[in-house]
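Scroll down for the structure; my scribbles are underneath it.
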Amino acid sequence: MVQLLTPHGERVHHPDYDIEPTPGELREMYRRMALTRRVDAEGVTLQRQGELGLWPSSLGQEAAQVGSGLALRADDHVFPSYRDHGVALARQVDPLHIFRLFRGVSHGGWDPAEKNFHLYTLVIGSQVLHATGYAMGVADDDADSAVVVYFGDGATSQGDVSEAFNFAAVYDAPVVFFCQNNQWAISQGVERQSKVPIHRRAAGFGLHGVRVDGNDVLACLAVTRAAVERARQGREATLVEAFTYRMGAHTTSDDPTRYRQSAELTQWARKDPIARLEKYLLNHGWADADFVAGVGEEGDRLAQHIKESVRTMPDPDLTEFFDLTYAGEHRQVTEEREWFKEYEASFVEGS
Amino acid sequence: MVQLLTPHGERVHHPDYDIEPTPGELREMYRRMALTRRVDAEGVTLQRQGELGLWPSSLGQEAAQVGSGLALRADDHVFPSYRDHGVALARQVDPLHIFRLFRGVSHGGWDPAEKNFHLYTLVIGSQVLHATGYAMGVADDDADSAVVVYFGDGATSQGDVSEAFNFAAVYDAPVVFFCQNNQWAISQGVERQSKVPIHRRAAGFGLHGVRVDGNDVLACLAVTRAAVERARQGREATLVEAFTYRMGAHTTSDDPTRYRQSAELTQWARKDPIARLEKYLLNHGWADADFVAGVGEEGDRLAQHIKESVRTMPDPDLTEFFDLTYAGEHRQVTEEREWFKEYEASFVEGS
Amino acid sequence: MATTTLAKAVNAALRAALEDDPKVVLMGEDIGRLGGVFRVTDGLQKDFGDHRVKDTPLAESGIVGTAIGLALRGYRPVVEIQFDGFVFPAYDQIVTQLAKMRARSGGRIALPVVIRIPYGGGIGAVEHHSESPEALFAHVAGLRVVSPSNAADAYTMLRQAVAGDDPVIYLEPKRRYYDKGEVDPAASPHPLHSARVIRLGRDATVLAYGPTVRTALEAAAVAEEEGTSVEVVDLRSVSPVDFDTVEASVRRTGRLVVVHEAPVFFGTGAEIAAHVTERCFDRLEAPVLRVGGFHMPYPPARTEHAYLPDLDRILDAVERVLAY
Amino acid sequence: MATTTLAKAVNAALRAALEDDPKVVLMGEDIGRLGGVFRVTDGLQKDFGDHRVKDTPLAESGIVGTAIGLALRGYRPVVEIQFDGFVFPAYDQIVTQLAKMRARSGGRIALPVVIRIPYGGGIGAVEHHSESPEALFAHVAGLRVVSPSNAADAYTMLRQAVAGDDPVIYLEPKRRYYDKGEVDPAASPHPLHSARVIRLGRDATVLAYGPTVRTALEAAAVAEEEGTSVEVVDLRSVSPVDFDTVEASVRRTGRLVVVHEAPVFFGTGAEIAAHVTERCFDRLEAPVLRVGGFHMPYPPARTEHAYLPDLDRILDAVERVLAY
Ligand SMILES: Cc1ncc(C[n+]2csc(CCOP(=O)(O)OP(=O)(O)O)c2C)c(N)n1
Ligand SMILES: Cc1ncc(C[n+]2csc(CCOP(=O)(O)OP(=O)(O)O)c2C)c(N)n1
Ligand SMILES: [Mg+2]
Ligand SMILES: [Mg+2]
């Protein structure tokens with residue numbers, strides 16, 4: 001397992017994956033992780049307050065998401081799953097998009113092209129094939145962008161994910177398969193998804209496979225950067241297994257006390273990704289209490305903005321949705337839309 | 001690649017997979033392979049004569065099929081694909097069943113329980129999950145049978161096959177995944193299905209993986225026997241890649257001259273599975289020309305029997321099929337069946 | 001068992017099936033310690049062990065494919081698909097294998113596999129968690145497709161589905177999971193394939209199943225206040241359809257409205273309307289009207305109240321068949 | 001181009017699309033050197049290279065899933081599924097992703113993916129090679145579902161499907177692959193979604209699409225000899241359905257018979273019958289009758305002549321609507 005920063009905030013070295021970020025870069029990593037955590041907490045709160053239908057928490061996975069997200073260029077393309085708020089923040093995607101989805105006012109109507117950040121995908125594993133196809137297109141274009149796709153340990157059981165591994169290998173597609181093994185797929189421990197460590201699956205398909213400490217933002221950055229370079233230059237695909245932990249419930253609908261022990265949480269809390277970077281920064285004098293407090297305040301402001309925006313998000317009218325299904329005209333849609341409009345209007349008249 | 005008998009009919013040894021069949025056993029292997037080849041040739045002929053709709057030839061794969069088939073006990077269960085005539089003959093399944101299927105009078109209506117030989121499956125890869133589930137049931141029953149499932153190199157690309165590998169590993173199912181890598185999936189060479197040798201896929205799922213010379217009946221027997229024992233005793237699953245070659249067309253509908261070179265065939269013809277066992281038997285005096293001729297005559301008699309039976313197979317009446325769909329009554333079926341009977345009768349009356 | 005929720009009735013039926021027949025096994029994602037995301041299998045793994053109540057890898061094709069294998073071995077698997085929108089990875093195994101294997105074998109093989117799917121909308125969920133795929137199964141020969149609308153049916157229909165020798169798609173109306181009703185395990189059940197007239201009426205028949213049955217009953221009650229006598233039929237089984245019961249009702253009332261959550265286009269209502277019209281052409285005072293979902297992906301939660309057929313939409317259709 | 005077969009018309013349309021738009025790519029099993037099992041893509045890989053005509057691994061979900069990715073990258077993939085019965089491993093990608101992604105994105109993303117499927121029976125094939133899955137796609141919003149019945153339509157409809165920005169399930173009637181017809185690439189085409197009256201008649205309308213159109217025309221010719229004037233409508237598009245054209249015909253003739261190979265139960269005929277009856281209730285002299293496959297898995301080849309709707313079955317239905 002590749003590690004560059006221990007849980008105690010000590011820097012260790014690795015023969016293949018060493019990087020030396022500047023203090024400024026390190027602070028930026030810290031900032032994005034802290035903002036991710038704050039935004040995520042706001043998601044949980046807003047759901048509890050009834051403002052959101054659901055919230056899948058990214059708590060504990062900030063290093064994996066931000067570290068890998070920061071390894072990318074603007075022209076690289078990201079295919080997220082549904083818990084990848086940290087990747088979104090690393091890509092500077094407006095978090096409100098994500099809140100719209102979980103509030104139930106859209107299914108994720110942001111423009112993927114804007115930040116090269118595709119829509120969240122809820123059917124486990126589907127996006128892994130889309131990313132692979134996209135990467136095949138990148139290769140056909142002779143472009144040197146890379147594609148990174150995010151999915152969980154549970155997703156590795158889906159046939160689609162294996163098919164994607166195989167297509168990527170067979171077509172030499174420049175894709176990085178970034179698996180956040182957070183040890184759980186709802187209530188199922190990872191041993192229910194794979195008998196052997198997940199990164200080992202790579203070799204059987206002809207991919208590179210590597211396991212990285214998913215709570216170590218430096219290692220996640222380094223390993224993803226290497227994988228992205230391999231994709232870019234060698235047209236070789238990599239499976240990264242980021243070994244991390246889902247500190248929260250699966251989603252706000254879940255009750256993890258039914259299936260896991262608090263001891264496990266305590267143990268993983270000691271490996272917290274933000275705390276360890278904070279220690280590292282403070283120990284080296286690359287950041288001080290003011291900096292930490294400043295990031296905290298920025299997070300609070302962002303959370304406040306989100307809260308206010310979410311609370312005032314207007315409910316959409318169903319009428320808008322009739323015309324989103326097809327690019328061209330579809331007679332049944334037209335007929336139903338017209339009927340619906342008249343039907344709705346009849347209430348207004350009647351009232 | 002495990003090999004016990006070279007293309008020249010010389011016996012070689014292998015540290016892990018050595019077996020010493022008696023001359024009688026060797027002759028029986030030869031016999032089943034030769035009968036398989038003869039029956040298969042009859043299939044091709046009958047199709048050309050318009051007696052069958054289609055025939056997928058097993059030519060060249062006799063060692064893989066007969067060797068693995070003979071490794072099993074009567075209570076072991078086989079899930080074949082659609083080209084596994086040699087496995088059927090090794091299990092003493094009546095070949096007429098297979099001819100009924102390819103004549104188009106049934107979809108394969110034999111009783112799987114009779115010889116523990118499941119129906120042929122045409123949707124690539126589906127049966128690999130069925131076999132795995134069956135093996136899970138064997139384990140739940142605390143029985144010590146094993147399950148062997150057959151599929152091709154092309155099938156390994158299907159998500160279902162990867163899912164089956166994973167279920168087998170996770171549930172410790174006593175199953176042997178027997179992949180006949182015959183180098184082709186219709187017109188696609190195996191490099192289109194996998195960037196790396198197929199047996200390597202095993203390790204990534206936590207299975208044993210082994211490549212065997214699929215044209216060497218001894219090696220196929222030995223490797224399958226070991227895999228079956230591992231399943232039986234250790235509840236561990238194995239992926240066997242039998243490296244062989246499809247000497248014929250994909251099916252009688254196919255024209256392989258469009259996509260492969262005759263040089264390849266010439267090269268593989270030198271590795272013929274039957275010729276090498278014949279040499280081995282003759283060289284050691286364990287069989288003589290009379291024996292070989294006798295087997296040839298037996299094959300001709302069997303082929304003759306098949307030809308006559310096939311030609312006189314009555315066409316079924318559609319009426320029979322209405323009641324095969326459900327075990328219980330289904331109102332739409334009843335209604336349609338009654339309508340159809342009346343409708344058919346109206347012609348008889350009217351004529 | 002007296003009064004209980006629909007979800008608990010399903011749990012009771014599973015428990016009773018596990019007790020009565022050692023060959024019954026449950027399979028699905030998170031059905032063990034968690035008891036399923038709706039707690040429908042709560043307590044069953046604890047009491048029957050993890051061989052009889054199998055938590056599975058996250059792979060629906062794998063679940064159904066191995067369930068078929070277990071059925072071939074003599075087991076009676078009851079599979080849980082976590083949400084309606086997640087059944088499609090298993091669609092190939094269901095359509096090409098589960099549905100066809102009996103016919104393929106010349107009627108020799110029985111495949112007693114039940115696939116339980118919490119389905120339908122109205123719970124404020126995200127995408128893929130509110131769909132109604134029944135028509136996509138009913139068109140496929142070899143499957144039975146049923147949906148209870150209340151706790152008592154949930155219990156008896158699941159017992160019947162598990163006991164039968166055919167594959168059954170068992171659709172659980174998730175927004176009715178907490179509706180309560182009387183369940184009497186000893187009551188002699190109606191046949192699994194039968195529809196039931198659950199409210200008598202003279203002027204028009206409203207046919208519904210699963211989650212829309214309650215809405216149909218509410219609409220009938222409102223209609224009564226307004227002087228219209230509406231008969232309500234709970235279809236219960238989508239494949240087969242018990243046309244005897246449906247036609248008898250239509251012959252009495254002369255008017256039919258079919259209600260379901262699934263999109264109208266190519267939906268269950270189409271088959272009902274086509275068949276009933278063929279059989280009752282001269283008795284129909286008005287064309288059969290269909291009330292259902294629109295031809296669009298199920299929309300975001302905050303619009304679903306407008307998407308789902310509600311009391312007003314049903315009453316509107318009843319008015320239209322009456323005014324015809 | 002003059003007279004050519006339906007299969008060659010498809011080939012010509014693919015060639016023209018590849019020539020006209022560098023973003024068009026073909027994907028599928030064996031479509032390259034082999035030219036597909038029906039030789040429909042013959043010669044295209046040779047002329048356009050293996051990046052534009054991609055032989056794929058044997059994995060339908062992978063093919064459609066990566067085609068979606070290619071479409072997101074700006075390509076216009078045209079996917080070949082080898083046979084109707086093998087589309088189901090891709091069903092999840094088609095239904096939950098391809099069909100829904102545009103709506104999911106708020107209408108931002110276009111997914112111009114065409115999925116070509118040789119479909120239907122009558123060629124004496126083994127299991128899974130003779131199916132008609134159109135209803136299973138038409139019920140799903142976000143897809144267009146079309147099927148040409150002749151060479152000219154095969155050409156123009158495929159060009160339109162590839163040029164459009166919506167996903168299209170393009171169903172090729174495989175038993176008509178070798179039927180010949182005039183193809184004029186320069187002719188101004190009818191809209192992709194339009195039905196066409198291809199034979200005028202007075203007494204009854206027979207509606208068909210894909211492989212059954214020729215049978216319907218043959219039936220109409222025989223009926224004429226017997227003194228019955230049958231109008232024939234080629235539906236061409238199953239989603240959307242061009243009800244304007246269908247209803248106009250029914251208003252003229254007062255009687256409708258719908259013919260398709262797919263099972264009748266929950267099939268296309270149900271939607272047509274339900275909708276037409278709703279719109280033309282007072283003009284119908286008889287209930288709409290449906291002629292199609294039975295509710296059973298497609299049977300073995302030596303019984304398919306009895307399974308498939310043929311001239312006699314159509315004439316029988318025409319007689320019944322006339323005698324009503
Ligand atoms: C095809 C499919 N099946 C089931 C589900 C329900 N489901 C949502 S999340 C989840 C667990 C996913 O686990 P993992 O892949 O490890 O990702 P994580 O939630 O841990 O980030 C399940 C079963 C789904 N969304 N899609
Ligand atoms: C799901 C599915 N897709 C496509 C096909 C069509 N098809 C039949 S055989 C075949 C090739 C199979 O190759 P392989 O698995 O190597 O087996 P082999 O024919 O070589 O024995 C294909 C593509 C099919 N039967 N099922
Ligand atoms: Mg996880
Ligand atoms: Mg092969």
Side-chain angles (χ1 to χ4, degrees), chain B residues 77 79 100-101 106-114 118-123 125-141 143 145 147 149 158-160 162-164 166-171 173 175 316 320-321 323-335, chain C residues 23 25 27 51-52 54-75 77 89 92-93 95-97 99-112 138 141-144 164-167 191-194 237 239-244 271 275:
Chain B
H77 204 97
F79 284 79
R100 279 190 196 96
L101 192 165
S106 94
H107 283 323
W110 60 87
D111 184 356
E114 202 183 310
H118 192 70
L119 302 175
Y120 272 15
T121 298
L122 304 191
V123 178
S126 304
Q127 78 280 9
V128 188
L129 278 169
H130 309 159
T132 303
Y134 193 95
M136 287 163 62
V138 169
D140 283 352
D141 292 345
S145 316
V147 179
V149 57
Q158 286 285 8
D160 271 10
S162 288
E163 293 190 11
N166 196 40
F167 272 65
V170 165
Y171 290 107
V175 56
E320 301 163 26
F321 288 84
D323 292 327
L324 303 184
T325 308
Y326 294 95
E329 213 217 310
H330 187 288
R331 146 121 201 190
Q332 273 64 52
V333 172
T334 313
E335 207 171 274
Chain C
K23 289 300 184 185
V25 293
M27 305 171 72
H51 280 251
R52 307 242 4 239
K54 292 180 198 292
D55 278 317
T56 63
L58 208 177
E60 287 77 9
S61 189
I63 298 171
V64 173
T66 55
I68 292 171
L70 279 157
L72 293 170
R73 178 74 191 175
Y75 285 88
D92 176 56
Q93 283 287 349
V95 164
T96 73
Q97 304 303 316
K100 292 188 173 59
M101 207 179 279
R102 181 185 181 82
R104 184 179 303 152
S105 76
R108 277 193 190 79
I109 295 176
L111 281 165
L143 305 174
R144 294 175 183 275
D165 274 343
D166 287 317
L192 180 59
H193 62 261
S194 62
S237 173
S239 174
V241 171
D242 174 9
F243 279 115
D244 290 336
E271 178 59 39
H275 197 281

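Just so you know, these numbers come straight off a predicted model, no measurement behind them. Sequence lines set the chain letters: A, B, ... in the order given, protein chains first and strands last, and positions in each chain run from 1.
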Interchain contact, C:Ala67 with chain B, by part (heavy-atom threshold 4.5 Å): neither
Less than 4.5 Å apart, any side-chain heavy atom of C:Thr66 and any of B:Glu163? no
Examine whether an atom of C:Leu143 lies under 4.5 Å from a heavy atom of chain B, and if so say whether it belongs to the side chain, the backbone or both; otherwise answer neither. backbone
If the threshold is 4.0 Å, N to carboxylate O, is there a salt bridge linking C:Lys23 and B:Asp141? yes
Please give me the minimum heavy-atom distance between C:Arg73 and B:Ala143, naming the atom from each residue. NH2-CB, 3.7 Å
In terms of heavy-atom proximity below 4.5 Å to chain C, should B:Ser106 be classed as side chain, backbone, both, or neither? neither
Donor-acceptor check, side chain of B:Tyr134 to backbone of C:Ala71, threshold 3.5 angstrom: yes or no? no
For B:Val138, is it the side chain, the backbone, both, or neither that has a heavy atom closer than 4.5 Å to a heavy atom of chain C? both
Heavy-atom contact with chain B under 4.5 Å, split by part of C:Asp92: side chain
How far apart are the closest heavy atoms of C:Ser61 and B:Leu129, and which atoms are they? O-CD1, 3.4 Å
Sort C:Arg52 into side chain, backbone, both or neither according to what part of it lies under 4.5 angstrom from a heavy atom of chain B. neither
Are B:His130 and C:Gln93 side-chain neighbours, meaning at least one heavy-atom pair lies under 4.5 Å? yes
What residues, two or more places apart in sequence or in another chain, satisfy ring pair (Phe, Tyr, Trp, His ring centres under 6.0 Å) together with B:Phe167? B:Tyr171
Chain B shares the most heavy-atom pairs under 4.5 Å, among C:His193, C:Met101, C:Lys100, with C:Met101
Quick one: do the C:His275 and B:Glu335 side chains pair a donor with an acceptor below 3.5 Å? yes
Closest non-hydrogen atom pair between B:Glu329 and C:Arg144, with its separation: O-NH2, 2.8 Å
Which atom of C:His51 lies closest to which atom of B:Asp140, heavy atoms considered: ND1-OD1, 2.5 Å
So NE2 of B:His118 and OG of C:Ser105: to nearest 0.5 Å the spacing works out to 8.5 Å
Which answer fits B:Thr121, side chain, backbone, both or neither, if we ask what part of it has an atom under 4.5 Å from a heavy atom of chain C? side chain
Highest number of heavy-atom pairs under 4.5 Å with chain B: which of C:Leu70, C:Asp166, C:Leu111, C:Thr56? C:Asp166
Heavy-atom closest pair (C:Gly142 atom, B:Tyr326 atom, distance to 0.1 Å) is N-OH, 3.0 Å
Is there a side-chain contact between B:Pro112 and C:Leu72 in this structure, where contact means two heavy atoms from C-beta onward sitting under 4.5 Å apart? no
To the closest 0.5 Å, what do you measure between OG1 (B:Thr132) and CD1 (C:Ile68)? 12.0 Å
Quick one: of B:Gly137, B:Ala327, B:Gly109, who has the most non-hydrogen atom pairs under 4.5 Å with chain C? B:Ala327
At a heavy-atom separation under 4.5 Å, does C:Arg108 approach chain B through its side chain, its backbone, both, or neither? side chain
When rounded to the nearest 0.5 Å, the distance separating CG of B:Leu324 from CZ of C:Arg102 is 8.0 Å
Closest heavy-atom contact between C:Ser239 and B:His330? OG-NE2, 2.9 Å
Interchain contact, C:Ala110 with chain B, by part (heavy-atom threshold 4.5 Å): neither
Non-neighbouring partners of B:Phe321 that pass ring pair (Phe, Tyr, Trp, His ring centres under 6.0 Å), sequence neighbours left out: none
Between C:Val241 and B:Gln332, is there a side-chain heavy-atom distance shorter than 4.5 Å? yes
